[in-house]
Asks: 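This is the structure I have questions about; it appears just below.
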Amino acid sequence: MTKFSLSPDHLTALANIAGEKTVISPDNAQPMMEEWRGRWQGESPLVLAPKTVDELSQLMAYAYAHDIPMVPQGGNTGLVGGQTPKGEILISTKRMRNVRDISPEDFTMTLEAGVTLT
């Protein structure tokens with residue numbers, strides 16, 4: 001895979017779209033760069049954690065329009081390393097935690113991607 005380089009203009013634009021709380025600092029992002037068993041180590045020029053579907057949509061639209069590769073990451077619990085970025089932008093869903101609907105009659109729940117079930 002060719003390593004992706006993100007221009008400072010794109011970094012700034014994505015950070016501005018995302019807002020301060022959505023950009024994850026490198027120190028806080030380090031656990032997201034490693035598969036939970038330690039088998040794969042990744043890297044990313046920017047880690048974003050949108051809180052709403054609208055924020056996610058805006059970030060993805062910008063990235064798509066500018067051919068910026070992204071890797072989505074839910075709970076970072078995958079077993080094949082697909083959630084570990086190899087230089088792409090990492091989009092974490094960990095802040096998308098709303099419970100949208102619970103239907104006891106149907107035994108179903110509609111949850112956002114960052115909800116952890118325990």
Asks: Could you list who else is in Val71's hydrophobic cluster, with ILVMFWY side chains joined at under 4.5 Å, directly or through other members?
Replies: Ile24, Met32, Met33, Val47, Leu90
Asks: Restricting to side chain to side chain contact (heavy atoms under 4.5 Å, CB included), what partner residues turn up for Ala113, sequence neighbours left out?
Replies: Thr93
Asks: State, to 0.1 Å, how close Pro45 and Gly87 come at their nearest heavy-atom pair, and which atoms those are.
Replies: CD-O, 3.1 Å
Asks: Who clusters with Phe107? Use side-chain heavy atoms, under 4.5 angstrom, across I, L, V, M, F, W and Y, and order the result by chain and number.
Replies: none
Asks: Within the side chain of Gln73, is there an N or O that forms a donor-acceptor pair under 3.5 Å with the backbone of Ser92?
Replies: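 Not at all, since once roles are kept as given, no pair shorter than 3.5 Å links the two residues.
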Asks: Got a sec, which residues hit side chain to side chain donor-acceptor pair (under 3.5 Å) with Arg97, two or more places apart in sequence or on another chain?
Replies: Thr116
Asks: How would you list all residue pairs meeting ring-ring contact (aromatic ring centres under 6.0 Å, His included) that involve residues 41-65, not counting sequence neighbours?
Replies: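 Counting only pairs at least two positions apart or across chains, the ring-ring contact (aromatic ring centres under 6.0 Å, His included) contacts touching residues 41-65 are His10-Tyr62, Tyr62-His66.
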Asks: Going by salt bridge (charged side-chain N to carboxylate O under 4.0 Å, His left out), name the residues that satisfy it together with Glu35, two or more places apart in sequence or in a different chain.
Replies: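 Arg37.
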Asks: How would you list all residue pairs meeting salt bridge (Lys or Arg N to Asp or Glu O under 4.0 Å) that involve residues 103-118, not counting sequence neighbours?
Replies: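 For residues 103-118: Arg100-Glu112.
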Asks: With salt bridge (Lys or Arg N to Asp or Glu O under 4.0 Å) as the rule and sequence neighbours excluded, what pairs involving residues 46-62 come up?
Replies: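 Pairs touching residues 46-62 that pass the test: none.
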Asks: Among residues at least two apart in sequence or on other chains, which ones pass side chain to side chain contact (heavy atoms under 4.5 Å, CB included) with Ile102?
Replies: Val99, Pro104, Met109
Asks: Spell out, as yes or no, whether a donor-acceptor pair under 3.5 Å connects the side chain of Glu88 to the backbone of Lys86.
Replies: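 Such a contact is found between Glu88 side chain and Lys86 backbone.
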Asks: Treating Ser57 as the side-chain partner and Val53 as the backbone partner, does any N or O pair qualify as donor plus acceptor under 3.5 Å?
Replies: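 Side chain of Ser57 to backbone of Val53, a donor-acceptor pair under 3.5 Å: no, none is there.
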Asks: Among residues at least two apart in sequence or on other chains, which ones pass side chain to side chain donor-acceptor pair (under 3.5 Å) with Asp101?
Replies: none
Asks: Do Trp40 and Ile91 share a hydrophobic cluster, counting only Ile, Leu, Val, Met, Phe, Trp and Tyr and linking them when any side-chain heavy atoms are less than 4.5 Å apart?
Replies: no
Asks: At what distance, to the nearest 0.5 angstrom, does CD of Gln41 lie from CD of Glu43?
Replies: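 Reported to 0.5 Å precision, the distance equals 9.0 Å.
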Asks: Restricting to side chain to side chain donor-acceptor pair (under 3.5 Å), what partner residues turn up for Glu34, sequence neighbours left out?
Replies: none
Asks: Who pairs with Ser25 by side chain to side chain donor-acceptor pair (under 3.5 Å), at least two apart in sequence or on another chain?
Replies: Asn28
Asks: Considering all heavy atoms of both residues, which atom of Pro50 and which atom of Thr22 are nearest to each other, and what is their separation?
Replies: N-CG2, 3.5 Å
Asks: Given side chains that start at C-beta, do those of Asn98 and Leu111 come closer than 4.5 Å, heavy atoms only?
Replies: no
Asks: Apply side chain to side chain contact (heavy atoms under 4.5 Å, CB included) to Leu59 and Ile89, showing your working.
Replies: CA-CA 11 Å; Leu59 292 168; Ile89 289 174; over 6 Å; no
